Amino acid sequence: MSEERSLNFIEDIVEADLAAGKYKSIVTRFPPEPNGYLHMGHATSICLNFGLTKDYPGYTNLRFDDTNPVTEETEYVDSIKEDIRWLGFEWKHELYASDYFEELYQFAIKLIQKGLAYVDDSSSEEIAKLKGTPTEPGTNSPFRHRRVEENLDLFTRMRKGEFADGTHTLRAKIDMAHPNMLMRDPLIYRIKHAHHHRTGDAWCIYPMYDFAHGQSDSIEHITHSICTLEFVPHRELYDWFIEQLEIFPSHQYEFARRNLSYTVMSKRKLLQLVNDQYVNGWDDPRMPTISGMRRRGFTPASIRKFCDTIGIAKRENVVDFSLLEFCLREDLNLTALRAMAVLDPVRLVITNYEEGKVEELTTENGPDAAYGTRTVPFNRELWIEREDFMEEPAKKWFRLAPGAMVRLKSAYIIRCDHFIKNEAGTVEEIQCTYFPESRSGQDSSGLSVKGTIHWVSIPQAIQAEVRLYDRLFKVENPSSEEGDFKDYINPDSLQVITAFLEPSLADATIEKRFQFLRKGYFCLDKDATTGKLVFNRTVTLKDAWAKNTKQGA
RNA sequence: UGGGUUAUGGUGUAACGGUAGCACUACAGAUUUUGAUUCUGUCAGUCUAGGUUCGAAACCUGGUAACCCAACCA
């Protein structure tokens, strides 16, 4: 109540309805079709629908819109439920449009009896031809004036299975000259002799979307039926059916689907990426699917925060990917365990450190003291990041360079004395001296350095496969570019490397989130086995220096 | 003279006839044993032309632009 946060237009409507006493509590629903995996676009709808009944009295149903048996499968039902729960929401009732098939059938009978529906024997081509175009009115079907009794008989026989697929349809009788194409005698039932994932072979006629969705809403007494903008023209039909059927008046409200830059967000396109093997399945960490993002290491809280931040409105939009990254980092920064890993190693030798000696040094586990500490082994030879050394240091370079000093995180201050190159001119080894009095936590050296770098002790280091991801597409809006969206796929969206990790990372589990110090946030991938660690880079840290050098170049 | 929807910084979103605000991005600086985090600051906006009004991003009129609608998909 004390929130100053401004309301979106749907919350405005809900508040007005509640204030006017139109409803004492509200009912919303999330209505996926079980024919694919949920993606970031669905997350917006989930957060909206479930969020509304968290903020206002009422509840939200999960209703599968399963009126097309040829594309729908139980496998999808399960993944959808898992994704919603993972996002942190729980539905009141788990329902299916197919639960209402008998009721829907009776609704159709009622329409026929009122003279508002008829059986059409036209082929799909004939129906399309008579439909007209947006600028030309349609023409009445020759079957439009069948008598009620004949329609009833035919429709009953359609249900009994007397006719083949495509031979008959049931259409609402509205107006073939209507400016809204959807009002030109829309099809409401079609024959499909197909096995349904829930009703099996009980039916061979199935209602169309427009004769299932709104009626299901009404049956469930949904007060606010929220969908995306492309359904705006359907609202007229939605209201027409409810009025003619004289059933509970649910209302439909539409918002603009959210688009994310550098990716695509339609089931059809995502399916192509999977089928054509541009990615490795629906849960590939580069996919904007909920399952892909979960595998990548996104947290539910970060996705909810993102949905909340981008808001709900009616205009076309492409949200910056960087905002999603911001929400992710914001959450991960607070929750990820800290660890050290070297992704691109170069050998560093501390020439004045006793050979064979190993010290266990204390370092922090997390962003604050509550996470406690652990120890990491330290010895004479370490891996450090190749990019942390510069033979000829740039301006404002804080890291290692000939003669320069840095602190090794949670360890000692070192000074670079020499470096060794191979024939190819690549630095192979960096030699340093350390200052024993500069030990972390008990530094009496009086030295101060600008830079601190991470490291991993070579003898104890463990290896892991690390998968580095970049954006899937090279352009902000692949769908609006010339040609095929697949032409704009980023060929370097996945880079697989072998990294050296501190030994504690051997205990990583799939739920844990890590910040590899100075490198980014990582999590264990499901491909990891007892013998082989595999990490995904969820997102990099912000890197002011990298930005700096990029600009200078 | 088909119908519908939408136009606010680079991006997303507020302002409900009364000071155009917030967040991201970008940039500059402070702190920092992560060039992270944190903190401070800067740049930057009402599609257009008229009108109503003391006062318009908002209301009216005319343009312009983008998106949606001609699946037995949802």
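Within every chain, numbering begins at 1; the chains are lettered A, B, ... in the order of the sequence lines, protein sequences first and strands thereafter. What you are looking at is a predicted structure, and each value in this text was computed from that prediction instead of being measured.
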Rounding to an integer number of angstrom, what distance separates A56(B) and U31(B) when you compare their C1' atoms?
46 Å

Rounded interatomic separation in angstrom, taking CG from Asn8(A) and C1' from U6(B):
16 Å

Heavy-atom side-chain contact between Leu38(A) and Ile46(A) under 4.5 Å
yes

Where the side chain of Asn333(A) is defined as all heavy atoms beyond and including C-beta, which of A74(B), U37(B), U6(B) is the nearest nucleotide?
U37(B)

Give the nucleotide from the list A70(B), G12(B), A74(B) with an atom nearest to the side chain of Arg258(A).
G12(B)

Contacts of Ile191(A) and Leu517(A) projected onto RNA chain B by closest heavy atom; the upstream (5') one is Leu517(A)

Watson-Crick or G-U wobble mate for A15(B), both contacts under 3.5 Å:
none

Nearest-Å distance, CG (Leu271(A)) to C1' (A74(B))?
15 Å

Nearest-Å distance for atom pair CZ/P, residues Phe255(A) and C68(B):
17 Å

Out of C72(B), C73(B), G35(B), whichever nucleotide has its closest atom nearest the side chain of Ile127(A)
C72(B)

Candidate nucleotides A74(B), G2(B), C16(B), ranked by approach to the side chain of Pro179(A) - the nearest
G2(B)

Between Lys395(A) and Gly311(A), which is nearer to the 5' end of RNA chain B once each is assigned its nearest nucleotide?
Gly311(A)

May I ask you to verify whether the side chain of Arg518(A) and the base of G35(B) hold a donor-acceptor pair under 3.5 Å?
no

Give the rounded distance in Å between these two atoms: CZ of Arg184(A) and C1' of A71(B).
16 Å

Whole-Å distance separating the NE2 atom of His234(A) from the P atom of G4(B):
16 Å

Considering just the side-chain nitrogens and oxygens of Arg315(A), establish if one lies under 4.0 Å of OP1 or OP2 belonging to U13(B).
yes

Is there a residue in residues 320-332 of chain A whose heavy atoms reach under 4.0 Å of RNA chain B, and which residues are they?
Asp320(A), Ser322(A), Leu323(A), Phe326(A)

Ring centres under 6.0 Å, that's the criterion: do Phe378(A) and Trp455(A) meet it?
yes

Selected nucleotide, minimal atom distance to Leu229(A) side chain, candidates U5(B), U13(B), C69(B):
U5(B)

P atoms of A49(B) and A26(B), separation to the nearest Å:
33 Å

Provide the distance between the two C1' atoms, one in C59(B) and one in C24(B), to the nearest whole Å.
33 Å

Reckon Lys450(A) touches a base, only the sugar-phosphate, or nothing at all at heavy-atom distances under 4.0 Å?
nothing

Relative to the ring of Phe101(A), is the ring of His196(A) parallel (under 30°), tilted (30 to 60°) or perpendicular (over 60°)?
perpendicular

What nucleic acid atoms does Thr71(A) come within less than 4.0 Å of, heavy atoms only: base, sugar-phosphate, or nothing?
nothing

To the nearest Å, give me how far apart OH (Tyr209(A)) and C1' (C72(B)) are.
17 Å

What do you reckon, do Trp545(A) and the base of G35(B) stack, with centroid distance below 5.5 Å and planes below 30°?
yes

Measuring only the C1' atom in each nucleotide, how far is A20(B) from U13(B)? A whole number of Å is fine.
13 Å

Taking only side-chain N and O atoms of Ser6(A), does any of them lie within less than 4.0 angstrom of OP1 or OP2 on C22(B)?
no

Checking C69(B), C73(B), A70(B) against the side chain of Pro233(A) (C-beta onward), the nearest is C69(B)

Taking Arg518(A) as the fixed residue, which of Thr452(A), Asp543(A), Asp388(A), Thr540(A) is the one that meets the side chain to side chain contact (heavy atoms under 4.5 Å, CB included) rule?
Asp388(A)

Below 4.0 angstrom, N of the basic side chain to O of the carboxylate: do Lys519(A) and Glu387(A) qualify?
yes

Is the shortest heavy-atom distance from the side chain of Phe255(A) to the side chain of Thr44(A) under 4.5 Å?
yes

Euclidean distance, atom CZ of residue Phe231(A) to atom P of U6(B) [Å, nearest integer]:
18 Å

C1' spacing across the pair A57(B) / G45(B), given as an integer number of angstrom
10 Å

Using the C1' atoms only, state how far C47(B) lies from U64(B), rounded to an integer number of Å.
7 Å

Starting from the C-alpha separation in whole Å, work towards a yes-or-no answer on side-chain hydrogen bond (donor to acceptor under 3.5 Å, both in side chains) for Gln515(A) and Tyr521(A).
CA-CA 4 Å; Gln515(A) 184 195 111; Tyr521(A) 295 98; 3.3 Å; yes

How far, in whole Å, is U11(B) from C67(B) if one measures between their P atoms?
16 Å

With a 4.0 Å cut-off on heavy atoms, is Val449(A) in touch with a base, just the backbone sugar-phosphate, or nothing at all?
nothing

Quick one: does Arg399(A)'s side chain have a donor or acceptor within less than 3.5 Å of a partner on Ile453(A)'s backbone?
no

Would you say the side-chain atoms of Asn317(A) pair up with the backbone N or O of Arg257(A), donor to acceptor, closer than 3.5 Å?
yes

Could you tell me how far U40(B) sits from U46(B) if I compare only their C1' atoms? Round to whole Å.
29 Å

